[in-house]
Amino acid sequence: MANRVVIDAGHGGYDAGASYQGRKEKDDNLNLALKVGEILLKNCIDVRYTRTDDVYDSPYEKAVFANNSGADLFVSIHRNAYLTPNTSRGIETLVYNDEGIKAKLARNINSNLAKLGFDNRGVIERPNLVVLKRTKMPAVLVEAGFIDNEEDNKLFDEKFDKIADAIAMGIIDTIGGGCDENERKLYKVFVGAYNDREDADALLDELKGMGFPAYIMFEDGVYKVMSGAFAILDNAVKMEERLSSMGYNTYITT
Ligand code: ZN
């Protein structure tokens, strides 16, 4: 099964998060979260977003959503701010405690981001943050630079795609990408195998006549009639059940 990751864009709706000269954290968070998710999807990781537009959900709701999602990891995207603008800069990643997979994930993300020119402020324990405390899977909160720092914003804007890549690759380096042979496996539904091509053709026509998908494959010295190839086993099973209920001898192979 593909790895599944919840990507959480911090804040949203009436909760803008930090802001600086009209720039709102919630917007940066959402843009970056969506880009990270896009890269993960391309790497065959199943992505669930806590939000994909400008809405507010409480941190508790986000944690419950994550816990119900069956995800392997929870990654929250934020930007940092300090009391006095332009006095602090750099990236950091927050964890409930500095142990296990989340500690490794946090370091992988930080070191990738640091390569882009951000100061690395390290991994910081924050045991009271709801999204880190209430989530049941390893969870991190990435502070992707200070929104009240001109240099960090310049990096954020100019290297936006690379920042998304750095976070996504930090995730993939920790739990692995999904695009291996196993993920591309297709479940093929076979309806018959014949020594004679004509017999296979006859079944092919019969199946097509009833509206089923049908193909002939020559394998292991025989003509096999296949009625569909499916990425999802459930779908192959449904097709097999339809065919066998009509009296065909079917079997599924990969
Ligand atoms: Zn925030």
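Quick caveat, the model's predicted, so the values are computed rather than measured. As the structure lists them, so they are numbered: ligands from 1, and atoms in each ligand from 1.
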**OP:** Please identify each residue that fulfils side-chain contact (heavy atoms from CB on, under 4.5 Å) with D27, with sequence neighbours left out.
**Re:**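 Partners of D27 by the side-chain contact (heavy atoms from CB on, under 4.5 Å) criterion, ordered by chain and then number, come out as K24.
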
**OP:** Ignoring hydrogens and angles, state whether a donor on the side chain of Y187 or E240 is under 3.5 Å from an acceptor on the partner side chain.
**Re:**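 Per modelled atom types, Y187 and E240 side chains form no pair under 3.5 Å.
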
Original post:
What N, O or S atom of H78 is found closest to the Zn ion (ligand 1)?
Top reply: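 Considering only N, O and S atoms, H78 comes nearest to the Zn ion (ligand 1) through ND1.
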
Original post:
Can you name the N/O/S atom of E25 that is nearest the Zn ion (ligand 1)?
Top reply: OE2

**OP:** Taking both backbone and side-chain atoms into account, decide whether E143 has an N/O/S atom under 2.8 Å from the Zn ion (ligand 1).
**Re:** no

Subject >> Close aromatic pair by centroid cut-off 6.0 Å: Y251 and F190 >> reply: yes

Subject >> V222: hydrophobic cluster co-members (side-chain, 4.5 Å) >> reply: none

